[in-house]
Amino acid sequence: MFSYVKDLGIDVLFKGHNFLRLMGGLLVTLKISLISIAISVALGLAFGILIQKKNIAVRVVSRIYIDFIRIMPQLVLLFIVYFGSTRVFRINLTGELSAIIVFSLWGIAEMGEIVRGSLSSVSNHQYESAEALGLSRLQTFIYVILPQSLRRIIPISINLITRMIKTTSLVLMIGVVEMIKVAQQIIEANRMLSKNAAFGVYLVVFILYFLICWPISVLSMKLEKRWK
Amino acid sequence: MKKEIFFKKSIVVGLSILLGTSLIACGGKASGNSSKANSSTNSSSTIYRTLDQIKESGTINIGVFSDKNPFGYVDEYGKYQGYDVYFAERIGKDLGVRINYVSTEAANRVEYLETGKVDIILANFTVTEDRAKKVDFALPYMNVALGVVSPNSKVITDLSQIGKDEQVIVISGTTAELYLMQNNPEIKLQKYDTYANAKNALENGNAVAWANDNTEVIAYSLQNEGYTVGIPSLGSNDTIAPAVTKGNTTLLNWLNNEIKSLGQENFFHKDYEATLVDTYGLEYENSLVVEGGVIK
């Protein structure tokens, strides 16, 4: 058994506090992604409803915001927020806070688009039927439109959420030591002693990412089934 | 109709309150975990912290590599180690301040200094003309040239051996990248952001060779069987020095005096023997170490 562990290069994780360090990195990854996801879901829902409105100014501003965020690579956004805020405004944001801001801005934009798409996919006769039943606009939205849209929103937003979790590995470029960076540090510190460390450590990292993202997918499948 | 307006307004108000509070909440959390060393940058008119401000705050922010064994890396107990870190520890001791290590990548070292997010970069930073326009280098503490490592199956001893369709690995923001782009633009480069990824790429056979600082490739070939440094010295001989934010003269002068006085006790030779000897052996000691800031 132990020889397998050694061949795979996983043994380096049992040296000193390495495994705890990797878990610490995992916590940083989770902290950044969960806070960003919570903000993105809450504000993204509101943003999606807002951009559905016919107001021209709202539409133009939100369009620019969404396209800007979508076109910019996340790495560039991280540099703009982390270094740019110091250059332009002399505000010294920590790496973690910058990451949360960037991932939230990204999540809100994408989530807004998802919500807008799902809301507009509810057919017109649903609105008309609700009106015929004497429901007010707010009631129509809450009791008729939203429940139907949510079913469409869930699967697509799960995709977004897992994508956000995986993309947090970019934050190592702004000095945040998260799971991938800890993995690289462990591999590098053991380069001389354990040649397969890269394989073994990345294998463990893969399993850890899987363990985070898989339950989310399962949850979404369950929700989809229940709402069918 | 009234309801709709109310609805619209409540969304806008809700959005702004949520955004505001969430950012404040996260701000509190995030800053609680990291060091408070940077706080004084906000109040001063310059982007950097002077020597007195650093001493007053009790903490110095030093940018080092965290995955570049044996210059700057993190051991299994989470402690920073290496040739650069050995020097950093001494700086902290002589200044009488605690050290907050910031994990930097090759590509963002200049940016860290330009924004004052670190006080000193001690991350195997090669002195170049281009960089000297953006940051202030102190006296050097090491020599370096470029080198090219390739697999034994096809050792590259001259750049002309690299075929049209073949690629060479470089790390973004390094002197090797700059040198090849300027002097050999016909060579296709495969760029990576981290040392770990570049090494993995070479081992996976993604490219025919890897160009980097010769210290790095010599160490690599000594540690990994099947790889040879076919080109041990490419381009001009450069030096490695600490760097501070442009204009931070108080810190720069202190560093220069520190390096000069450390030369009297042969500090960097001790540093070499403590951190680099396992990797390079004693034969490279005198060619790699620069003592007291004087290049022979």
Side-chain angles (χ1 to χ4, degrees), chain A residues 12 15-18 20-21 24 28 31 35-36 38-39 42-43 46-47 49-50 53 55 75 79 82-87 90-101 104 108 136-138 141 172-177 180-192 195 198 202, chain B residues 1 3-4 6-8 11-12 14-15 18-19 22-23 25-27 29-31 33-35 38-39 41-42 47 63 65-69 73-78 81 102-105 107-108 111-112 114-118 193-197 199-200 203 219-220 222-225 278-279:
Chain A
V12 296
K15 271 174 70 180
H17 303 150
N18 278 354
L20 275 179
R21 287 176 56 217
V28 174
K31 184 174 143 195
I35 294 174
S36 312
I39 296 172
L43 297 194
F47 182 57
I49 296 165
L50 186 76
K53 299 288 161 194
N55 187 316
L75 186 59
F79 269 62
Y82 183 61
F83 292 116
S85 61
T86 314
R87 269 171 192 270
R90 296 288 165 92
I91 307 166
N92 209 337
L93 299 175
T94 63
E96 283 188 22
L97 179 58
S98 309
I100 289 167
I101 292 173
S104 300
I108 292 168
S136 74
R137 284 199 153 197
L138 185 61
F141 184 77
L172 67 89
M173 289 303 294
I174 55 169
V176 180
V177 180
I180 294 282
K181 191 74 218 175
V182 176
Q184 288 177 346
Q185 289 174 353
I186 294 172
I187 293 165
E188 184 56 27
N190 292 287
R191 188 47 79 156
M192 279 187 264
K195 288 202 181 114
Y202 277 131
Chain B
M1 206 55 207
K3 261 184 186 166
E4 201 198 335
F6 173 76
F7 186 55
K8 254 189 196 170
I11 286 177
V12 173
L15 255 168
L18 258 170
L19 187 67
S22 55
L23 288 185
C26 305
K29 267 182 208 164
S31 60
N33 272 342
S34 60
S35 83
N38 283 320
S39 54
T41 6
N42 300 338
I47 200 125
F65 283 130
S66 68
D67 64 350
K68 203 184 177 198
N69 189 355
Y73 65 99
V74 181
D75 71 9
E76 63 264 39
Y77 298 102
Q81 302 283 2
V102 178
S103 163
T104 60
E105 306 298 330
N108 63 19
E111 199 77 20
Y112 262 108
E114 285 188 327
T115 53
K117 280 180 181 282
V118 299
D193 275 332
T194 62
Y195 282 85
N197 289 345
K199 287 178 174 181
N200 288 343
E203 276 158 31
Y220 181 83
L222 290 174
Q223 288 158 24
N224 296 272
E225 237 172 88
D278 288 343
T279 313

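Labels below follow one simple rule: chain letters A, B, ... track the order of the sequence lines, proteins then strands, and each chain is numbered from 1.
Proximity to chain A (any heavy atom under 4.5 Å) is restricted, for B/Glu105, to the side chain, taken from C-beta onward. For B/Thr104, no part sits under 4.5 Å from any heavy atom of chain A, backbone or side chain. Looking at A/Leu172, the atoms closer than 4.5 Å to chain B (heavy atoms on both sides) sit in the backbone and in the side chain alike. In this structure, chain A has no heavy atom under 4.5 Å from any part of B/Gln81.
Nearest heavy-atom pair across B/Asp193 and A/Leu75 is OD2-CD2, 4.4 Å. Heavy atoms only, all atoms of each residue included: A/Asn18 and B/Glu76 are closest at OD1-CA, 3.0 Å. Taking each heavy atom of A/Lys181 and B/Ser66 in turn, the nearest pair found is CE-OG, 3.3 Å. Closest of all the heavy-atom pairs between B/Tyr77 and A/Gly16 is CE2-CA, 3.6 Å.
At a threshold of 4.0 Å, the pair B/Lys199-A/Glu188 counts as salt-bridged, since one of the basic side-chain nitrogens sits closer than that to a carboxylate oxygen.
Between the OG atom in B/Ser103 and the CD atom in A/Gln185 there is a gap of 5.5 Å [rounded to 0.5 Å]. In this structure, B/Asp75 CG and A/Asn190 CG are separated by 10.0 Å, a value rounded to the nearest 0.5 Å. Residue A/Ile187 holds its CD1 atom at 8.5 Å from CG of B/Asn197, rounded to the nearest 0.5 Å.
Comparing B/Val102, B/Thr279, B/Asn108, B/Leu222 by heavy-atom pairs within less than 4.5 Å of chain A, the highest count is held by B/Asn108.
Panel note: side chain A/Arg87, backbone B/Glu114; no donor-acceptor pair is recorded below 3.5 Å. For B/Tyr112 (side chain) and A/Ile174 (main-chain N/O), a donor-acceptor pair under 3.5 Å exists by modelled atom type.
The side-chain tip of B/Lys117 points at the ring of A/Tyr82 from less than 6.0 angstrom away and within 45° of straight on.
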